[in-house]
Structures are given as C-alpha cells and as structure tokens.
Amino acid sequence: MNPTGRVERPSPTINKNTQNYMKVTAIAPSNIAFIKYWGKKDEVLRLPANGSVSVNLSNIWTKTTVEFGKNLSEDEVIINNEKNSKKAARVIKHLDIIRNLAKISLKAKVETQNSSLTASGLASSASGFAALSLAGSRAAGLNLSEKELSILSRQGSGSACRSIPDGFVEWLDGNKSEDSYAVSIFPPDYFEIAVIVVLVKSQTEKEVSSTSGQERTSLNPFFPVRIQHIKKKISCLKDLIKAKEFSKFGEIVESEALELHAIALTSLPPIIYWQPETIAIMHRVHELRKNGLLVYFTIDAGPNIHLIVEKANTDRLIAEIKKHFPDNQYIVNYPSQGARIVKDHLF
Ligand code: PMV
C-alpha cells in the first residue's frame, strides 16, 4: 500500500495499445452478509474491524459500462439515468484509483443501472463498486485477478469486495490492503437456499449511510465484545454451511443481524434502521417458525428485511408473504455467481 491508500501492484498487466481503449460492461450482484461487516480498523483503506461472510443475490445487481476516451475533458457519470448526480463524486474517486493502477490519465464515461431501489439497505454500493471495478479496470487495459479486483472493489465500498467471487463468500479482514479481500468458500449451488428481500413500504433514501453509521461504533461499549467472539462465530457459520445444517445456520444468521442492530441502537447518536413494518415482519417470522416453516431473517443498514429459507420452501414462504404483507414488494433471490463481463453495453 502507498501513502495515498491506493493499492500498489508490482506489475499490473497493462494494455500497451493505448490507441484502443475498449468499452467494457460488467454486471455484479448485490450480496447479503450472514456475518456483518461493521466498523473499520483503517478508514482510508476500508480495512474492516472483522471478517464477514455473505452470499451473492441473483436478482439484485448493478450493470455498468465504462469507456476511457481521448476526447473527454471531464468524467461523465450517469447513475440510473441521472447525469452527474451527487453520487458521481464517489465514482470519480474510484476511477482515480483505477487510473492510478493503469497509469493513465484519460477521462471516462460511466453509465450504471441498478436492478432495484438504491440506498435503502439493499447494498447497491456493493454491486455498484464491484461492477465499476471490473468494467473500469478492463476498460483501462488492466487484467486484474479475482483477488486484485476484490481489493480494488473494497476501496470503493467495503462490502463490494464480496460481490466479486462466486456464491458463498468470505471477506478476510487482513491487516493491510493486500490481505483484505474476499474469496469464494462454496459455489452458488452448494447450499440450496433462497433469500427473499421484503421491501418496507416507507422507502426513502436511508438517513444514516452505513459509512457514517460505522463511524459511530468507536465509543460503543458492546463493540469490543462483538469483536472478541466474531472469529469463532465465523468459523461456526462456515461449518454449518459446509454441513448444510439449515436451522442452526439460520439461528446464527438471525442473532448476528440483531447483534449488529444492537450495536447501531446503542451508538452515539443512536441509529434506528427499523421501521414498524420491519418489526412486524420479524414477529411474523417467529410465528412462522413456531408453525413449522423454517425461515430466518437478516437486516442490513436499512429497514428492508431479508428472509432466508431452504429453496424447497420458497413458494410456501411467498404464499405467507402475500397473505400477511400483501402490499409489500419482494425480490426472490438464489445464491449467484459474482461479477462478470457482459456484451450488451449501456451506451
Ligand atoms: O459496504 P458498506 O460500507 O455499505 O457497509 C455494509 C454494511 C452492512 O451492509 C450493514 C453489513 C455488510 O456486511 O454488508
């Protein structure tokens, strides 16, 4: 790592043919963490306080096209059809990291489309920075390895590093930039689950971003307790996925989500990500379990709730959602592959 916090690589593969910068498009999935990333040991490099484990989601994703061009005097960033919005600055900062790696100074055109609502705890920053890292690095003539792409994505948004590898993924926290990246621990079809995201109706841009939420952990007396036991929890969860022990896996995932929110609730100032509907759904999940449907929830930094069931029970759970929450939108996901290049460009 260098003093600017950018990833240094001994000799990246650079496309010497600087006449021909390609237009490249990538799709990256969002991911949902079973063991959450919350808090950093290095703010600039986005080194997490702890490791985390997630799965990529098949139906929540970002598609991004990038092209560097000699005729551009400024970067042009279009996010969900909006040109140079306030989110563009973070994209441009990430382009600077890519330009630094590729040793180029050309400006770029970037267009990006999300499959669903942004900034409501649906981790669009994860899919967004993973897609930008893959499309942007290739468009700049780099051919980064999966590990290098994960490291690059992490610097845009921590959880984005987990949207690069396939299926079930672990982010190794690491102590320096080169050691903090995600790896696939099981392929998508290893553990047959479904993740149904139920969107609460009061959808607004979330009040406290995960970045600023995480900054409030430093004085939280419960945070060191969390860090103390998290390695054991990660290892236990991985064993349960390996053994395909769904109910024990679900119990850990649900209690982990509540632990994250316990930290958020007891931060200064406190953060309440839940809406009344979030809590209503949590209670319904417990009812359903009592009645024999094995379903568990997890929640990120927002009000939406992710319901996890065995794949065979997907239709049964959908029927329950329709019955009890008929006005809520929901997105059915299965474990998916990670970031990949596609041919159809956005411009
Ligand atoms: O990647 P960020 O900075 O948006 O943080 C993500 C934090 C959580 O979604 C709450 C947890 C996680 O591990 O994804």
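The first residue of the sequence shown is numbered 1, and numbering continues consecutively from there.
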Any donor and acceptor pair, going by atom type alone, linking the side chain of Asn80 with main-chain N or O of Asn114 inside 3.5 Å? yes

Which atom of Thr64 lies closest to which atom of Ala135, heavy atoms considered: O-CB, 3.6 Å

Please test Thr65 against Val110 for side chain to side chain contact (heavy atoms under 4.5 Å, CB included), starting from the C-alpha separation and ending with a verdict. CA-CA 6 Å; Thr65 301; Val110 176; over 6 Å; no

We want to know whether Asp166 and Ser184 form a side-chain donor-acceptor pair, criterion being a heavy-atom distance below 3.5 angstrom. no

Between NZ of Lys322 and CG of Asp315, what distance do you get to the nearest 0.5 Å? 8.5 Å

Any Pro188 side-chain heavy atom under 4.5 Å of Asn56 side chain: no

Compute whether any side-chain donor of one residue and acceptor of the other, for Ser212 and Glu215, lie under 3.5 angstrom apart. no

Would you find a donor on one side and an acceptor on the other, under 3.5 Å apart, between the side chain of Arg154 and the backbone of Cys161? no

Between Leu95 and Ile97, is there a side-chain heavy-atom distance shorter than 4.5 Å? no

Hey, what's the ring geometry for Phe168 with Phe191, parallel, tilted or perpendicular (30° and 60° as the breaks)? tilted

Could you report the tightest heavy-atom contact between Tyr273 and Ser209, atom names first, then the distance? OH-O, 3.7 Å

Main chain of Glu170, side chain of Lys238: is a donor-acceptor contact present, judged purely on distance under 3.5 Å? no

Taking all heavy atoms of Ala139 and all of Met22, pick out the closest pair and write down the distance. CB-O, 3.5 Å

Presence of salt bridge, Glu74 and Lys109, under 4.0 angstrom: no

N-O pairing of Glu259 and Lys233 below 4.0 Å: yes

Do the side chain of Asn50 and the main chain of Ile230 share a donor and acceptor less than 3.5 angstrom apart? no

Nearest heavy-atom pair of Ser125 and Ser157: which atoms, and what distance? OG-OG, 3.0 Å

Could you check whether any side-chain N or O of Asn304 sits under 3.5 Å from a backbone N or O of Val197, counting only pairs where one atom can act as donor and the other as acceptor? no

Are Thr25 and His345 linked by a side-chain donor-acceptor pair shorter than 3.5 Å? yes

Which atom of Pro303 lies closest to which atom of Gln275, heavy atoms considered: CB-CG, 3.7 Å

Check whether Arg46 reaches the backbone of Val44 with its side chain - one donor and one acceptor, N or O, closer than 3.5 Å. no

Determine whether the side chains of Gln113 and Asn81 contain a donor N or O and an acceptor N or O closer than 3.5 Å. yes

Ignoring hydrogens and angles, tell me if any N or O in the side chain of Ser267 forms a donor-acceptor pair with the backbone of Ile263 under 3.5 Å. yes

Assigning hydrophobic clusters by single linkage (Ile, Leu, Val, Met, Phe, Trp, Tyr; side-chain heavy-atom cutoff under 4.5 Å), is Ile164 placed with Val91? yes

Is there a path from Val195 to Leu294 through hydrophobic residues (I, L, V, M, F, W, Y) whose side chains come within less than 4.5 Å of each other? yes

Compute whether any side-chain donor of one residue and acceptor of the other, for Glu320 and His324, lie under 3.5 angstrom apart. yes

Residue pair Thr217 / Arg226, side-chain donor-acceptor N/O under 3.5 Å: no

Side chains of Thr298 and Lys36: do they bring a donor and an acceptor to under 3.5 Å? yes

If you round to the nearest 0.5 Å, how far is CD1 of Ile281 from CG of Leu288? 11.0 Å

For the pair Ser150 (side chain) and Glu146 (backbone), establish whether a donor and an acceptor sit closer than 3.5 Å, ignoring hydrogens and angles. no

Within 45° cone of Tyr334 ring axis and under 6.0 Å: Lys311 NZ or CZ: yes

Residue of the set Ile35, Val53, Leu237 for which side-chain contact (heavy atoms from CB on, under 4.5 Å) holds with Glu256: Ile35

Considering all heavy atoms of both residues, which atom of Glu67 and which atom of Leu72 are nearest to each other, and what is their separation? O-CD1, 4.2 Å

Cation-pi between Lys242 and Phe186: NZ/CZ under 6.0 Å from ring centre and within 45° of the ring axis? no

For residues Leu265 and Ile279: do they belong to one hydrophobic cluster (side chain heavy atoms under 4.5 Å, members Ile, Leu, Val, Met, Phe, Trp, Tyr)? yes

Quick check against the 3.5 Å criterion: does Ser180 have a side-chain atom that pairs as donor or acceptor with the backbone of Ser177? no

Could you check whether any side-chain heavy atom of Asn175 comes within less than 4.5 Å of a side-chain heavy atom of Leu47, counting everything from C-beta outward? no

Answer yes if Ile32 and Ile185 sit in the same cluster of Ile, Leu, Val, Met, Phe, Trp and Tyr residues linked by side chain heavy atoms under 4.5 Å apart, and no otherwise. yes

Has the side chain of Gln155 got a donor or acceptor atom that lies under 3.5 Å from a matching backbone atom of Ile151? yes

Nearest 0.5 Å, please: how far is CG in Asp300 from CG in Leu260? 7.5 Å

Please report the interatomic distance CG(Leu142) to NZ(Lys103), rounded to the nearest 0.5 Å. 9.0 Å

Intermediate values then yes/no, side-chain hydrogen bond (donor to acceptor under 3.5 Å, both in side chains), Ser153 and Arg162: CA-CA 9 Å; Ser153 303; Arg162 296 190 310 238; over 6 Å; no

Heavy-atom side-chain contact between Glu148 and Ser145 under 4.5 Å: yes

Heavy-atom count check: over 12 atoms from other residues, nucleotides or ligands less than 6.0 Å from Phe222 CZ? no

In Å and rounded to the nearest 0.5 Å, what is the CG to CD1 distance from Leu132 to Ile79? 9.0 Å

Under 4.0 Å between a Lys/Arg side-chain N and an Asp/Glu carboxylate O for Asp42 and Lys176? no

Do Phe297 and His306 have ring centroids that are under 6.0 Å from one another? no

Quick one: do Asp75 and Arg99 make a salt bridge, cutoff under 4.0 Å? yes

Before giving the answer on side chain to side chain contact (heavy atoms under 4.5 Å, CB included), spell out for Glu277 and Asn328 the whole-Å C-alpha distance, their side-chain angles and the decisive distance to 0.1 Å. CA-CA 10 Å; Glu277 238 178 4; Asn328 289 74; 3.4 Å; yes

Under 4.5 Å between any side-chain heavy atoms of Tyr296 and Leu307, yes or no? no

Is there a path of hydrophobic side-chain contacts, each under 4.5 Å between heavy atoms of I/L/V/M/F/W/Y residues, joining Tyr37 to Val225? no

Considering only heavy atoms from C-beta outward, does the side chain of Asn31 approach that of Ser163 to under 4.5 Å? yes

For the residue pair Val285 and Arg289, establish whether any side-chain heavy-atom pair is separated by less than 4.5 Å. yes

Does a side-chain N-to-carboxylate-O contact under 4.0 Å join Lys248 and Glu251? no

When rounded to the nearest 0.5 angstrom, what distance separates NZ in Lys323 from CD1 in Ile318? 15.0 Å

Quick one, Phe325 with Tyr330, criterion ring-ring contact (aromatic ring centres under 6.0 Å, His included). Give me CA distance, side-chain angles, the key distance, then yes/no. CA-CA 10 Å; Phe325 304 98; Tyr330 60 89; over 10 Å; no

Examine the side chains of Trp61 and Ser30 and answer whether a donor and an acceptor come within less than 3.5 Å of each other. no

Less than 6.0 Å separating the ring centroids of Phe249 and Phe34? yes

Trp171/Tyr181 aromatic ring centres below 6.0 Å: no

